[in-house]
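Below is one structure, written out as structure tokens; the observations come after it.
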There are 2 protein chains.
Amino acid sequence: MTKSARSGPYICGIDAALDVVSGKWKGLILWELDNYGVRRFAELRRGLPGVSEKMLTQHLREMEQDGLVHREVYAEVPPRVEYSLTEHGRSLNAALGPLGAWGMDRLVRERTELVEHRDADLLPRPS
Amino acid sequence: MTKSARSGPYICGIDAALDVVSGKWKGLILWELDNYGVRRFAELRRGLPGVSEKMLTQHLREMEQDGLVHREVYAEVPPRVEYSLTEHGRSLNAALGPLGAWGMDRLVRERTELVEHRDADLLPRPS
DNA sequence: TGGGGTACTTACCAAAAGGTGAGTGAGGAG
DNA sequence: CTCCTCACTCACCTTTTGGTAAGTACCCCA
């Protein structure tokens, strides 16, 4: 009961998936954890320029609740906490692959169009 | 200039893509338009139970700006406006496919776990 | 003794997102 | 004559989201 979805009900799978990745930094957290495998709190913070500590912990807790990340606490001093992706989290990242590619494509296209516009503005139309 | 991205800059493609689909109803709008091909405003409203007219127009305008949907206005009375996906929008939907599948999987798993929990609660442990 | 690092939590605030209810203006149904 | 439909727009409000700054408790380094 404590682990059920935070919102819903969902109409389709997209709904359910978007709910889990929506959050200013979640995409980047996923990407960072997938890239490095294991990361400590401060490493993540440094890897996400501009994130506040509050949001980082909040997002990590939610993703833990959602079964995406694993949190390992070592009872040392100074404290050490390591975050990594669960199997479920890794499968989410795989499912996000095509979307990421689409986004990259879009970014490239945007820049291309801007360049074209600049050229069109600079060059007088051939008469 | 008027058509550049609404936010950014983006760190990776996921970022850019999520920006375009984040919005309470955008996933459903995409799904509805992909399903039916062409939909009128009122049809979309009826297809998205609970959406407010304000949010529906707002989301449609943003998606139009982002080059995902095409808006065709017929100068008739009563007014008629038809929405459909652009090529870009259809490619986004394709890229969302795996994510949607992941989400469905997650929903099914969730229900399965609930059922397992219920069973575990109902059945006394074999001693 | 003072500063930095570890991984947080808490209170307070600002901005963004989203909902509500009204109004538009013409046509068609009752 | 009144209400409903179409596709919106607008003003106002609430909810959600995210940021800021401080505090915690202990350690290491100079």
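Below, read A as the first sequence line, B as the second, and so on, with proteins coming before strands; counting in each chain starts at 1.
- Summarising the geometry, the separation between CZ on R45(B) and C1' on dT20(C) is reported as 15 Å, rounded to the nearest angstrom.
- What separates CG of L28(A) from P of dG18(D) is a distance of 13 Å, to the nearest Å.
- Taking only side-chain atoms of W25(A), from C-beta outward, the nucleotide of dT6(C), dG19(D), dC8(C) with the closest atom is dG19(D).
- Taking atom CD of E53(B) as the reference point, atom C1' of dT20(C) lies 11 Å away to the nearest angstrom.
- Projected onto DNA chain D by closest heavy-atom contact, H59(A) and F41(B) fall at different nucleotides, the more 5' of which corresponds to F41(B).
- Contact annotation: side chain of K54(A) to base of dG19(D), donor-acceptor pair present below 3.5 Å.
- Side-chain proximity of V77(B) to the nucleotides dT20(D), dA26(C), dC6(D) is greatest for dA26(C).
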Inset, instruction - Would you check, one step at a time, whether the test side chain to side chain contact (heavy atoms under 4.5 Å, CB included) holds for L56(B) with L60(B)? - result: CA-CA 6 Å; L56(B) 185 52; L60(B) 285 170; 4.0 Å; yes

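- For M55(B), the side-chain atoms get nearest to dG19(C) when compared with the rest of dG18(D), dT9(C), dG19(C).
- Of the two residues contacting DNA chain D, namely P79(A) and K24(A), the nearest-nucleotide position lying further toward the 5' end is that of K24(A).
- Computed from coordinates, the E62(A) CD to dT16(D) P distance equals 13 Å when rounded to whole Å.
- OP1 or OP2 of dC8(D) sits under 4.0 Å from a side-chain N or O of R61(B).
- Both L44(B) and L28(B) are assigned to one and the same hydrophobic cluster, defined by single-linkage of ILVMFWY side chains at heavy-atom distances under 4.5 Å.
- Regarding E43(B), its CD atom lies at a distance of 8 Å from the P atom of dA7(D), rounded to whole Å.
- Between R80(B) and dG27(C) there is no side-chain N or O to OP1 or OP2 distance below 4.0 Å.
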Inset, instruction - Take R90(B) and E87(B) through the salt bridge (charged side-chain N to carboxylate O under 4.0 Å, His left out) test and state the conclusion after the steps. - result: CA-CA 5 Å; R90(B) 252 168 279 136; E87(B) 195 50 52; 2.9 Å; yes

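- Contact annotation: R40(B) side-chain N/O to dA7(D) OP1/OP2 distance is under 4.0 Å.
- At a threshold of 4.5 Å between side-chain heavy atoms, the hydrophobic network of Ile, Leu, Val, Met, Phe, Trp and Tyr places L85(B) and L96(B) in one connected group.
- Minimum atom distance to the side chain of P78(A) is reached by dT6(C), of the listed dG19(D), dC8(C), dT6(C).
- In this entry the distance linking CD of Q58(A) with P of dA7(C) reads 19 Å, nearest Å.
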Legend entry - Steps toward side chain to side chain contact (heavy atoms under 4.5 Å, CB included) verdict (R106(A), L92(B)): CA-CA 10 Å; R106(A) 183 178 155 79; L92(B) 170 58; over 6 Å; no

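- Atom P of nucleotide dA7(C) and atom CZ of R39(A) are separated by 12 Å, given to the nearest angstrom.
- Taking 4.0 angstrom as the limit, R46(B) places none of its side-chain polar atoms (N or O) nearer than this to OP1 or OP2 of dT5(D).
- Backbone-only engagement by Y83(B) is indicated by non-hydrogen atom pairs under 4.0 Å involving sugar-phosphate atoms exclusively.
- The CG-P distance, from L56(A) to dT17(D), rounds to 17 Å in whole Å.
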